[in-house]
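Only a predicted model underlies this, so the values are computations on that prediction, with no experimental measurement involved. What's counted below: heavy atoms across the whole structure, side chains too, no hydrogens, waters or symmetry copies.
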Amino acid sequence: MSAASSPQPVKLSLPLVYQQKLFEELRKEDELVILARGLGLMRLVTNLLHSYDAAGNNLIVIVNADDRENAWIGEALAEHAAISMSPKARGLTVVNTDFTSVGTREKMYTASGIFSITSRILVVDLLTGLLNPETITGLVVLHADRIVATSLEAFILRIYRQKNKAGFLKAFSDNPDPFTVGFSPLATMMRNMFLRKVSLWPRFHMHVAQSLEGKKKAEVIELEVPMTDAMKQIQAAIMECVEVSIHELKKGNTGLEMEDWNLDSALLKNFDVIVRRQLDPNWHRVSWKTKQIVSDLTVLRGMLQSVLALDAISFLQQLDTIHAAHSPPPGSTRQTQSPWLFLDAANTIFDTAKRRVYSGTQKPGADTNIDSLHPVLEEQPKWALLADVLQEIDRDLYFEPAVRDDSNGTILIMCSDTNTCRQLRDYLQTMHVRPRKEKRVEEFHDPEEDGPSAEFMLRRKLRNYLKWKREFAQVSATLFSENQKALSGAVDPRLGQSKNRAPANKRRRVRGGGGVGTAWGRLENGMIAQHLEKPGEMAELMAEIQITEEEARQKEDVITDPLEGMEDYYKLYEMQDLVAVHAYDGDLDEHVLEEVKPRYIIMYEPDAAFIRRVEVYRSSHNDRNVRVYFLYYGGSVEEQRYLSMVRREKDAFTRLIKERASMSVVMTVDAHGIEDPQEAFLRTINTRIAGGGRLAATAEPPRVVVDVREFRSSLPSLLHGRNMVIVPCMLTVGDYVLSPNVCVERKSVSDLISSFKDGRLYTQAETMFQHYKNPMLLIEFDQNKSFTLEPFADFSGSVASVSAANTRANDLQSKIVLLTLAFPKLRIIWSSSPYETAEIFERLKAQEDEPDPIRAVRAGLDKDMVVEEQAFNTEPQEMLVAVPGVTPKNIMNITLETENLKEVANMQVSELEPLVGKEAARKIHEFFNKDLLDDE
């Protein structure tokens with residue numbers, strides 16, 4: 001029953017013209033909606049769902065929603081139901097493994113309503129008949145850009161469309177990029193979703209532009225912030241490292257599609273994915289250097305973001321960590337350092353980053369190179385501007401009291417992540433605190449000294465950093481204690497450079513003495529060496545930043561709040577007194593705007609989607625005035641990334657509009673997935689058996705019993721696509737049962753390696769032979785990668801590593817040989833992809849009887865144990881098997897007597913002994929109680 005025929009009127013919250021037109025379109029017909037990010041996709045979905053929910057007696061299934069979206073939809077439907085006063089509305093029910101058993105789900109489906117079901121549960125319920133596809137009123141699919149031919153969601157849509165002729169299907173996406181990659185991608189995606197119409201709504205759509213560019217526009221003030229010279233130098237040096245890395249990648253991997261491998265693309269979020277996708281098919285053939293560069297690009301791109309987002313001290317700490325992670329252990333001769341660390345640009349990055357925090361000057365009259373270090377503590381330029389903006393808002397509120405409207409007068413500061421939120425909170429709380437070292441008697445007063453400053457915050461961070469660095473050095477020394485002899489006397493690279501022996505090219509001429517002793521040295525192989533200050537220098541620096549009286553009076557940073565004496569510390573503030581700092585959080589930002597109702601919004605970092613959300617928010621409310629301050633670093637990667645993102649989205653929509661104009665969606669079945677009965681009958685006949693005569697009388701499609709855990713892979717979907725009936729069951733023995741005699745254990749290569757390591761495969765082969773005549777081991781490779789075992793041996797440059805890698809590859813092959821020697825009748829199937837596997841299964845079933853699902857489930861169970869009593873959650877068991885001392889024989893005792901892994905980890909030897917025996921109990925206890933930082 002549709003909402004239109006319901007006597008109860010439905011109230012919707014779609015104030016803008018484009019939202020209303022899109023809603024009307026969706027109610028009329030099935031379509032794929034691609035909406036520009038930030039234009040209110042979730043609001044549209046919730047209103048659509050409410051229109052069906054209010055009518056009652058509808059069974060609507062939401063596919064592909066994540067936890068946050070479920071929370072949003074549930075809350076929105078409850079609000080709509082309260083406003084509309086709809087007696088039949090039931091709200092949202094989330095179905096996942098945590099809460100709902102099979103019996104409960106069956107009752108829920110019978111009662112109808114709106115359900116958000118995880119894909120793995122939904123596909124099993126549709127195949128087992130627990131949820132009859134014919135009873136479903138319609139499907140609402142979110143994140144349609146993720147639906148590829150082999151995905152679980154495509155499998156669900158195929159089952160639904162084959163059984164249900166009349167139900168609706170509506171798909172939504174706010175990411176146009178995936179629809180533009182490949183050959184006729186839009187048509188392919190729509191064929192996967194059984195849809196014929198696509199509706200495109202970019203920001204430049206006529207109705208969207210009219211709705212958002214009317215009289216009620218938000219007031220936007222754009223503020224370009226110049227970067228400091230040090231930040232510019234670091235950014236230019238990182239960009240140089242990225243450019244050199246991309247050039248090296250191109251040089252070492254000719255013959256690949258490399259048009260997008262440039263500096264502009266390197267600023268995009270998914271650049272790593274693009275490069276990996278290109279290299280994956282030949283990953284085992286690419287050199288060690290290429291693999292290293294690919295991982296380096298991720299690190300370097302992270303640094304580009306960090307130099308703008310982090311304060312100077314946090315950035316230096318991050319650099320120290322990166323350097324330590326990329327350096328070989330002390331005394332090692334391993335030649336596997338990252339290539340970018342050999343560049344002069346890398347030296348610039350580390351050197352400049354340090355000079356932003358502290359610098360050294362040579363002591364007058366000293367004949368050694370001991371420096372006097374003093375803190376520099378460079379502040380981020382945006383901090384001062386943020387303080388100015390807040391002062392300007394205060395002045396406005398004081399001199400020009402705002403006209404009374406529905407806004408709360410709150411100031412909302414938006415930034416990219418929670419770390420930046422914490423940083424801004426610390427700055428705003430302490431920007432007026434001055435760590436006065438001594439009372440100066442001066443005749444004049446410097447007004448700048450009373451201005452906002454981050455000195456207090458940065459001094460605290462520097463103290464923590466120096467303490468961290470000392471501990472970091474101790475941990476490194478502990479970890480590599482056996483190699484410390486190789487370091488004899490070379491703690492500081494500068495100590496080895498005496499005046500007489502220093503080569504001319506290693507000494508750098510320093511003007512003015514400002515940077516003496518702060519340059520990072522180089523090791524013999526040319527790589528930048530870790531810079532470690534001498535104890536004397538450190539003591540002096542620590543003395544300069546000791547806690548002053550003013551700092552001691554400030555309260556400590558609260559990390560965990562015990563919530564004691566709440567009435568003394570907590571009270572409700574007026575909304576106009578609040579400054580809320582929030583991280584960008586996708587569609588949930590709409591909630592923030594609606595609930596906070598800010599009059600002033602400061603966008604600390606640019607975000608195109610949020611700008612649109614503000615436009616929609618302002619256009620939706622006549623009585624809420626908004627002023628937006630838009631901050632960005634001029635000439636920075638931040639600005640480039642923002643402009644590039646806007647341009648790419650516009651280009652993607654332009655390409656989609658062109659493809660839609662000339663698109664023809666070819667359906668192999670009709671629009672509702674119904675296949676010609678004669679065609680379906682002919683598919684079941686195997687002409688190789690007596691010309692097909694034997695099967696003509698009982699033309700049933702072939703049946704395969706599949707373990708429910710196998711639905712993570714794409715194979716069940718491909719088997720279903722070959723007109724096989726999939727019977728999902730909880731199997732103890734094997735993954736696929738093709739006939740009463742044939743049982744298949746499927747392994748990906750990575751799973752095969754881990755199964756050999758923990759001995760699981762031997763046990764699985766043993767149990768298969770106990771219950772089936774023809775057990776088979778299927779080794780399945782990824783369709784996008786090469787059909788060889790070589791990728792699983794990690795080749796690097798040195799002879800030793802190559803021989804070790806070969807040993808690993810041979811080790812895997814030798815284990816497979818040993819397995820076949822132990823089980824001579826075990827058949828091994830090598831498959832290049834899931835598509836190939838589906839074809840192999842079809843051939844294997846050709847002359848076999850159909851499997852009995854009940855017998856397949858009972859195989860491997862204890863004779864006196866009922867199926868329902870079997871342990872369902874096998875993942876903790878698989879983790880437990882990897883623990884030393886746990887064997888297939890004693891694992892059952894542990895799982896029956898303990899609740900979870902945490903309980904096992906906290907048990908004493910005396911408690912474990914009755915379950916597993918003395919020796920095994922000792923091993924298990926040692927494993928869980930080992931201290932990894934102990935000096936062995």
Side-chain angles (χ1 to χ4, degrees), residues 12-27 29-53 60-77 79-80 92 114 116 138-147 153 168-180 186 189-190 193 195 197-205 207-209 211-212 584-594 607-620 645-646 648-650 652-653 656:
L12 303 174
S13 60
L14 297 171
L16 301 179
V17 175
Y18 78 89
Q19 293 171 336
Q20 293 159 10
K21 288 191 176 293
L22 193 42
F23 177 82
E24 286 165 15
E25 252 184 45
L26 281 163
R27 283 297 309 214
E29 56 191 323
D30 293 354
E31 64 180 13
L32 163 65
V33 173
I34 305 175
L35 191 67
R37 198 169 274 144
L39 292 183
L41 179 69
M42 288 308 294
R43 172 180 285 225
L44 185 72
V45 171
T46 50
N47 277 277
L48 179 70
L49 288 170
H50 172 60
S51 70
Y52 288 107
D53 188 28
I60 313 283
V61 178
I62 303 169
V63 182
N64 224 6
D66 58 35
D67 291 342
R68 294 184 334 163
E69 285 162 345
N70 285 335
W72 173 309
I73 293 167
E75 196 179 308
L77 286 178
E79 279 180 22
H80 281 305
L92 178 74
I114 295 184
S116 176
L139 290 189
V140 171
V141 184
L142 302 180
H143 305 292
D145 46 283
R146 297 181 196 164
I147 297 180
E153 289 73 30
F168 70 75
L169 175 55
K170 303 182 194 304
F172 298 89
S173 174
D174 59 358
N175 183 11
D177 279 349
F179 294 96
T180 60
L186 183 60
M189 291 271 212
M190 290 178 69
M193 289 183 272
L195 288 169
K197 187 186 174 192
V198 60
S199 186
L200 304 174
W201 292 79
R203 173 64 181 81
F204 54 83
H205 190 289
H207 292 305
V208 177
S211 302
L212 301 185
Y584 294 124
D585 201 9
D587 284 319
L588 292 182
D589 291 340
E590 286 177 40
H591 262 327
V592 174
L593 289 170
E594 291 292 347
D607 183 73
F610 186 76
I611 292 170
R612 289 173 191 158
R613 288 192 176 95
V614 174
E615 286 182 318
V616 171
Y617 168 76
R618 178 67 190 91
S619 304
S620 303
M645 220 163 71
V646 173
R648 276 179 73 88
E649 188 192 73
K650 188 179 177 183
F653 270 114
L656 284 174

Say you draw a straight line from [atom1] of [X] to [atom2] of [Y]; how long is it, rounded to the nearest 0.5 Å?
X	Y	atom1	atom2	result
Met190	Ile147	CE	CD1	12.5 Å
Leu26	Leu44	CG	CG	5.5 Å
Asp30	Leu139	CG	CG	10.0 Å
Leu41	Ser173	CG	OG	8.0 Å
Leu77	Asn47	CG	CG	9.5 Å
Asp177	Met645	CG	CE	10.0 Å

Heavy-atom closest contact ([X] atom, [Y] atom, distance):
X	Y	answer
Ala652	Thr180	O-CG2, 3.5 Å
Asp145	Met189	O-CE, 3.3 Å
Asn70	Ser116	OD1-OG, 2.6 Å
Ala144	Phe179	C-CZ, 4.0 Å
His143	Asn64	CD2-O, 3.1 Å
Trp201	Glu25	CZ2-OE2, 3.8 Å

List the steps, then state whether side chain to side chain contact (heavy atoms under 4.5 Å, CB included) holds for Val140 with Ile114.
CA-CA 10 Å; Val140 171; Ile114 295 184; over 6 Å; no
Listed by chain and number, what are the side chain to side chain donor-acceptor pair (under 3.5 Å) partners of Gln20, not counting sequence neighbours?
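Applying side chain to side chain donor-acceptor pair (under 3.5 Å) to Gln20 gives none.
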With Lys197, which residues qualify under side chain to side chain donor-acceptor pair (under 3.5 Å), at least two apart?
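Scan of Lys197 (side chain to side chain donor-acceptor pair (under 3.5 Å), adjacent residues dropped) gives Glu29, Glu31.
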Salt bridge (Lys or Arg N to Asp or Glu O under 4.0 Å), that's the test. Do Arg203 and Glu649 meet it? Break it down for me.
CA-CA 10 Å; Arg203 173 64 181 81; Glu649 188 192 73; over 6 Å; no
Quick one: does Arg68's side chain get under 4.5 Å of Asp585's, heavy atoms only?
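In contact.
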Side chains of Leu14 and Leu22 in contact at under 4.5 Å (non-hydrogen atoms)
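SC-SC contact between Leu14 and Leu22 ruled out.
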Sole residue of Arg613, Arg37, Arg43 in side chain to side chain contact (heavy atoms under 4.5 Å, CB included) with Asp587
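Exactly one candidate clears the test, Arg613.
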Report the relative orientation of the aromatic rings in Tyr584 and Phe610; use parallel for angles under 30°, tilted for 30 to 60°, perpendicular for over 60°.
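Taking Phe610 first and then Tyr584, their aromatic rings sit tilted (interplane angle of 30° to 60°).
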Give the ring-plane orientation class for His50 versus His80, where under 30° counts as parallel, over 60° as perpendicular and anything between as tilted.
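Answer is parallel, since the angle falls under 30°.
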Could you walk me through whether Leu48 and Arg27 pass the side chain to side chain contact (heavy atoms under 4.5 Å, CB included) check?
CA-CA 8 Å; Leu48 179 70; Arg27 283 297 309 214; 3.9 Å; yes
For Ile62 and Val45, run side chain to side chain contact (heavy atoms under 4.5 Å, CB included): C-alpha distance rounded to whole Å, both residues' side-chain angles, the deciding distance at 0.1 Å, then the answer.
CA-CA 10 Å; Ile62 303 169; Val45 171; 6.0 Å; no
Between the main-chain N or O of Leu39 and the side-chain N or O of Tyr18, is there a donor-acceptor pair closer than 3.5 Å?
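The answer is yes, because a donor-acceptor pair under 3.5 Å joins these two groups.
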